[in-house]
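Count residues from 1 along the sequence. Small disclaimer: the values here were computed from a predicted structure and weren't measured.
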Amino acid sequence: MVAEAICDGRVCIVTGGGRGLGREYAVLLAANGAKVVVNDLGGSRDGEGQDVGPAEEVVAEIRAAGGEAVVNADDISSWEGAARLVEQAVDTFGGLDVLINNAGILRDRMMFSMSEAEWDAVIRVHLKGTFAPSHHAAVYWRERAKSGGTNDARLINTTSVSGLYANPGQSNYGAAKAGIAAFTQIAAQELSRYGVTANAIAPGALTRLTSDLPVSDEIREKFSTGWVAPVVVWLASPDSADVTGQVIESSGLVLAVAEGWHRGPATEPVRSPTEVGPAVRKLLSEARPRTLFTEVS
């Protein structure tokens, strides 16, 4: 336990909690007093296979340090699996306060080379794998509020600078992550009346998904998972109750709040196709340049 256990007693689910960022989240949450359900199907980085070992190792590490944690090996992109995950948290620890949607896979390919299976797998794990647990958690929180209980709950999703700023070769991954950013903002509006905040983290970290990239020791330190986990633990804590609908970038290079789509320069509408070009080009000349992926990586 740390001196200031800012998540003391809070029941947290971490999907993809067996390795990388998810492991870092689970361990630091437990060190800050949380009771953690460590979910991990244990597949490879492209989503193949199953292995409960990584989740069991994280749970064993948490328990050895005096914390409370249990293993869940359900497929969170499955409707039934996501339901069982939420039920396990409630049945084991008596409730649910925080859901951290972190599980993900990569199947990078240029658009003209990408197969339907590669598209579907990434969209399923990231986008449905965020929606399905969120749905079941939202049902629980809504029913608790309607029955007279109170929530100080958190939905924390995982987007990416690839989804925010675009990165060639990741049309499936980027589309899913952009969808998660929009989903988060909608969830924030829908769930606020029930005492639930919804935010997303855009982490910059080297994990097994990026293990094939040659990097220097300096870059490895700048993209350590240790830069991201403290932000997630703070978002999971009661201290963040006034923050919702936000996307926060976090790495060893920057801590930033991403600004989503907003209306830029505008003009009166036009009816003739020949007027559209000059009008749009004038607006583009007045618009703030968009952030590029290469500027944040």
Side-chain angles (χ1 to χ4, degrees), residues 7 9-23 25-27 29-30 34-63 67-105 120-147 149 151 153-158 176 179-180 183-184 187 190-191 194-196 198 232 236:
C7 289
R10 289 172 75 72
V11 179
C12 305
I13 291 172
V14 181
T15 73
R19 300 183 178 97
L21 284 167
R23 177 199 168 279
Y25 300 161
V27 170
L29 281 164
K35 303 171 184 179
V36 187
V37 179
V38 180
N39 160 268
D40 205 303
L41 189 62
S44 64
R45 76 174 194 164
D46 62 358
E48 297 295 333
Q50 291 182 240
D51 179 9
V52 72
E56 290 178 333
E57 290 174 7
V58 175
V59 168
E61 180 179 349
I62 289 172
R63 290 177 175 174
E68 296 184 63
V70 293
V71 172
N72 177 280
D74 278 305
D75 178 358
I76 44 80
S77 67
S78 154
W79 197 251
E80 296 77 15
R84 286 193 297 268
L85 172 61
V86 171
E87 288 169 5
Q88 182 180 353
V90 176
D91 292 345
T92 304
F93 295 123
L96 176 63
D97 302 301
V98 181
L99 169 61
I100 300 171
N101 288 309
N102 166 74
I105 64 172
D120 287 348
V122 170
I123 295 297
R124 184 186 73 251
V125 173
H126 287 276
L127 204 49
K128 187 178 179 183
T130 293
F131 170 67
S134 298
H135 164 81
H136 293 292
V139 168
Y140 169 76
W141 289 323
R142 181 173 180 265
E143 289 179 351
R144 186 161 71 175
K146 292 185 71 173
S147 65
N151 295 309
R154 306 284 180 269
L155 176 61
I156 304 170
N157 297 324
T158 307
I180 289 170
F183 171 78
T184 300
E190 293 184 351
L191 299 179
Y194 304 114
V196 183
V232 171

Do the side chain of [X] and the main chain of [Y] share a donor and acceptor less than 3.5 angstrom apart?
| X | Y | result |
| --- | --- | --- |
| W141 | L96 | yes |
| D40 | G42 | yes |
| H136 | W79 | yes |
| R10 | A236 | yes |

> Which residue, L155, I13, V14, forms the side chain to side chain contact (heavy atoms under 4.5 Å, CB included) with N101?
Replying inline: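 For N101, the side chain to side chain contact (heavy atoms under 4.5 Å, CB included) check succeeds only for L155.
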>> Which residue in the set T15, V70, V71 passes side chain to side chain contact (heavy atoms under 4.5 Å, CB included) when paired with N39?
In response: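 Running side chain to side chain contact (heavy atoms under 4.5 Å, CB included) over T15, V70, V71 with N39 returns exactly one hit, T15.
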>> Listing request: all salt bridge (Lys or Arg N to Asp or Glu O under 4.0 Å) pairs with a residue in residues 129-147, at least two apart in sequence or in separate chains.
In response: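 Salt bridge (Lys or Arg N to Asp or Glu O under 4.0 Å) check on residues 129-147 returns D97-R144.
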Supply the atom-to-atom distance [X] [atom1] to [Y] [atom2], rounded to the nearest 0.5 angstrom.
| X | Y | atom1 | atom2 | answer |
| --- | --- | --- | --- | --- |
| H126 | S77 | NE2 | OG | 10.5 Å |
| N102 | I100 | CG | CD1 | 8.0 Å |
| N72 | L85 | CG | CG | 4.5 Å |
| E80 | D75 | CD | CG | 10.0 Å |
| I156 | C12 | CD1 | SG | 7.5 Å |
| L99 | I76 | CG | CD1 | 9.5 Å |

> Do the non-hydrogen side-chain atoms of V36 and Y25 ever get within less than 4.5 Å of each other?
Replying inline: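 They are not in side-chain contact.
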Could you report the tightest heavy-atom contact between [X] and [Y], atom names first, then the distance?
| X | Y | result |
| --- | --- | --- |
| D51 | R19 | OD2-NH2, 4.4 Å |
| G16 | A103 | N-CB, 3.7 Å |
| A69 | V59 | O-CG1, 3.5 Å |
| A132 | S78 | CB-O, 4.4 Å |
| V125 | G104 | CG1-CA, 3.9 Å |
| A26 | V38 | CB-CG2, 4.1 Å |

>> I'd like to check the side chain to side chain contact (heavy atoms under 4.5 Å, CB included) partners of A145; sequence neighbours left out, ordered by chain and number.
In response: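 Applying side chain to side chain contact (heavy atoms under 4.5 Å, CB included) to A145 gives N151, Y194.
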> side chain to side chain contact (heavy atoms under 4.5 Å, CB included) with E57: which residues, sequence neighbours excluded?
Replying inline: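 Here no residue qualifies.
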>> side-chain contact (heavy atoms from CB on, under 4.5 Å), that's the test. Do I180 and T158 meet it? Break it down for me.
In response: CA-CA 7 Å; I180 289 170; T158 307; 5.9 Å; no
> Between N157 and T130, does a side-chain hydrogen bond (donor to acceptor under 3.5 Å, both in side chains) hold up when you go through it step by step?
Replying inline: CA-CA 7 Å; N157 297 324; T130 293; 5.0 Å; no
